[in-house]
Number of protein chains: 2
Amino acid sequence: MPNGGVVKSTRRVTIRDVARRAGVSVQTVSRVLNDHPDVSDATRARVQRAIAELHYQPSAIARSLITRSSGVLGVVASGFQFFGPARLLAGIERQATELGWQLMLRVADPSTPEEYDRIAAALIAQHVEGVIWAYPELSSERERAFRAQVETHAPIVFLSMEANPGDAVLSIENRLGARLAVEHLIERGRRHIGIITGPLNLWSAHQRKLGWQDALASAGLPCTELQVIEGDWSAESGCRGLRQLIEQYPRLDAVFASNDQMALGVLHAAHQLGLTVPRDLSVVGFDNVPESACFIPPLTTVHHDLFALGQLAVREMHRVIQARRAGKPAVVSPLMLRPHLIVRESS
Amino acid sequence: MPNGGVVKSTRRVTIRDVARRAGVSVQTVSRVLNDHPDVSDATRARVQRAIAELHYQPSAIARSLITRSSGVLGVVASGFQFFGPARLLAGIERQATELGWQLMLRVADPSTPEEYDRIAAALIAQHVEGVIWAYPELSSERERAFRAQVETHAPIVFLSMEANPGDAVLSIENRLGARLAVEHLIERGRRHIGIITGPLNLWSAHQRKLGWQDALASAGLPCTELQVIEGDWSAESGCRGLRQLIEQYPRLDAVFASNDQMALGVLHAAHQLGLTVPRDLSVVGFDNVPESACFIPPLTTVHHDLFALGQLAVREMHRVIQARRAGKPAVVSPLMLRPHLIVRESS
DNA sequence: TTGAAAGCGCTAACAA
DNA sequence: TTGTTAGCGCTTTCAA
């Protein structure tokens, strides 16, 4: 008989049950569980048999209460319908699992102000030993309050955020990446280069805009707000963005879209407007999502490795926590990963 | 002085510290924390002040040890670089947060066989009260072992999986969705309709192939293995897929791609081969990723709401757990969400 | 090599 | 309305 979801309320098998069954003390079972050397082979075997027979599973919760280490990291992420955040989270998860950490996941919702407090409280309540903050908002009053609340309990690593000197931030050189993209357009002879940015309250979006300015400024090319449209990362906003851009800046001959989705929208709008890419308009994106090689035409874009960044964050966290356990103070080393340009046919 | 990541090892503030400061018993503090009525307003105020002054944060861990309810759900997800899994996880997270559940996240890695055991053990160790299995593999021996191991501790909800009668499965009617897509192509006068499937060891991919067969069979149209290419969900595999399909089945006049990424690859390959979509070749996708409206041409595709499915899963889990706490047996009700067709210009 | 006692931080059950 | 006692499942002393 199938019984999907039928609930049984059996009492949890505890270390005492195992001890009783194996005819030893609770302490001896604990020694076996934790691979302590001072157990005779015979006893160890008996205990292990009892564990198997009873399907005993130790309680991480009870253990963490006494050892004061939960083996859990908190992760505060942002909407992972986008490629970047999803890759970041994947990298975090992979490395965490490899190092034996469990992950407590929260998604930050910028719409509610008290959310920060609630997240902090929840993570502290769960005794997380470290927090990975993967929500790329510009640092704000609220975020500082979050830090203050959490940092007395557990170290924090910030990913892809605005870094104040000394902050524990791991990130991508967004500004450099954008500059590479725009310099490439300039090399190809483009002079009137617009940008469709991400939401400018996000640090990464802001940085990419600065990179665009850097490149134009050092080439002595026009760089006005007429060349700027703020998008929301979506393809649809890229589509709208190009139309507006052409309207307010008709000489446009190239666009830097701050992510690949918006670049897709630009390609689409260009096609609708009868513009041939790259002849009439060059387009460069950012992210190098796997699909961008199959855009029409294949997209020139900036590659960066957020999976690696996520892994790195966990490794840093791990190192800091290990040091703390050994009683040594430790600091997360800030780090910026360098992106690079992938040239395809859209430029 | 910035001190990003500097570690302090202050002892945790406990309920006893609060009690001492407020001049009451530990029990009274507990009552305040849990909103019990039998506390005088004066006492309550004193306790709350002490809590605020000491920045006390209750320990969910200690609490769950005694109450036998952790407030944590386990989630086993698959690679969320794809739109579907990401939306699913987002829906799960949103609803979990709304109902006050914490989420323990694991990503299943099909490459290692013992992985199932390890995941089960880890979740049980963390006292999860329910498990949401969002990894859409065909049900297997291993998965049954996972069930057996977990289900004595906590109910499981399966998402987007093969359902045996009575299983606690919530899903999308993949087969129906695919049939809708292919019937649409037939209505448009297409007779030689190929398919690019997802990895056929995944239930959802298999179902979509069956839906394709259903439509062709009831229309009396050719339906052979020559019309089938197995892809891997990636755009690149869609691109390769179309080339192979045309080679082994030259009369091809339409393609059903089992997700939108692969459909993008098909559009790309068609463009390279000088085929005009939809004149020479009609294309339909599956998923309705936001970008598909900006493909060239905009993609006809099957819409389904995995975000809603994720929310639903948590609500079902919640209901079952609540019932269990009340001592009543409860079962997750199986459910299939109906997808629908979005007609755009690629067909 | 093994076991007994204490206690991590909290709440349930009872008593006052 | 408040406090006392016991104990959730485990590991860390310490003693045998």
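Only a predicted model underlies this, so the values are computations on that prediction, with no experimental measurement involved. Basis for what follows: all heavy atoms, side chains included, without hydrogens, waters or symmetry-related copies.
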Q: Would you mind reading off the distance between B:Ile51 atom CD1 and C:dC10 atom P, rounded to a whole angstrom?
A: 10 Å

(Q) Let me spell it out: for each of B:Arg46 and A:Gln57, pick the nucleotide of DNA chain D with the closest heavy atom. Which residue's pick is nearer the 5' end? (A) B:Arg46

Q: Could you check whether B:Val26 gets within reach of a base, just the sugar-phosphate, or nothing at all, counting any heavy atom under 4.0 Å?
A: base

Q: Would you please confirm or rule out a distance under 4.0 Å between OP1 or OP2 of C:dT11 and any side-chain N or O of B:Ser30?
A: yes

Q | Nearest heavy-atom neighbours spanning A:Ala154 and A:Val128 | A | CB-O, 3.6 Å

Q | d(NE2, B:His127; P, C:dC10) in whole Å | A | 17 Å

**Q.** Distance-only donor-acceptor test (3.5 Å): side chain A:Gln27, base D:dT12
**A.** yes

Q: Compare side-chain N and O positions of B:Thr14 against OP1 and OP2 of C:dG9 and report whether any pair is under 4.0 Å apart.
A: no

Q) What are the two closest non-hydrogen atoms of B:Ile124 and B:Val150, and how far apart are they? A) CD1-CA, 4.2 Å

Q: Go through D:dT11, D:dC8, C:dT11 for me and flag the one nearest to the A:Asn34 side chain.
A: D:dT11

Q: Would you tell me if any nitrogen or oxygen in the side chain of B:Arg68 comes within less than 4.0 Å of OP1 or OP2 on D:dG9?
A: yes

Q.
Just to be sure I understand the rule, does B:Ser64 reach a base, reach only the sugar-phosphate, or reach nothing, if contact means heavy atoms closer than 4.0 Å?
A. nothing

Q) How many Å lie between CD1 on B:Ile66 and C1' on D:dC8, as a whole number? A) 5 Å

Q | B:Thr43, nearest nucleotide to its side chain (from D:dC10, C:dG9, D:dT1) | A | D:dT1

Q: Give the minimum heavy-atom separation between A:Val332 and A:Ile156, together with the two atoms involved.
A: CG2-O, 4.4 Å

Q: Figure out the CD1/C1' separation between B:Ile15 and C:dC8, and round it to whole Å.
A: 14 Å

Q) On DNA chain D, nearest-nucleotide positions of B:Asp38 versus B:Leu65: which is more 5'? A) B:Asp38

Q.
Whether A:Thr28 contacts C:dT2 is assessed here as follows: a side-chain N or O lying under 4.0 Å from the phosphate OP1 or OP2. Is that the case?
A. no

Q) Quick one: B:Ile61 CD1 to C:dG9 P, roughly how many Å, whole number? A) 11 Å

Q) Of all heavy-atom pairs between B:Arg12 and B:Pro58, which one has the smallest distance, and what is that distance? A) NH2-O, 3.5 Å

Q: Ignoring backbone atoms, establish whether B:Thr67 has a side-chain N or O less than 4.0 Å from OP1 or OP2 of C:dT11.
A: no

**Q.** Length of the NE2-P vector between B:His36 and D:dG3, whole Å
**A.** 15 Å

Q) What's the CD-C1' distance between A:Gln126 and C:dC10, to the nearest Å? A) 14 Å

Q. Which nucleotide in the set D:dC10, C:dT2, C:dC10 lies at the smallest distance from any side-chain heavy atom of A:Pro58?
A. D:dC10

Q. Taking all atoms of both residues into account, what is the closest heavy-atom pair of A:Ala50 and A:Arg21, and its distance?
A. CB-CG, 3.7 Å

Q) Phosphate oxygens OP1/OP2 of D:dG3: is one of them under 4.0 Å from a side-chain N or O of B:Ser25? A) yes

Q | Atom-pair distance (CG on B:Leu33; C1' on C:dA12), nearest Å | A | 15 Å

Q. Taking 4.0 angstrom as the limit, do B:Glu129 and B:Arg324 come out as a salt bridge?
A. no

Q) Base, sugar-phosphate alone, or nothing: which one does A:Arg31 contact when heavy atoms must sit under 4.0 Å apart? A) base

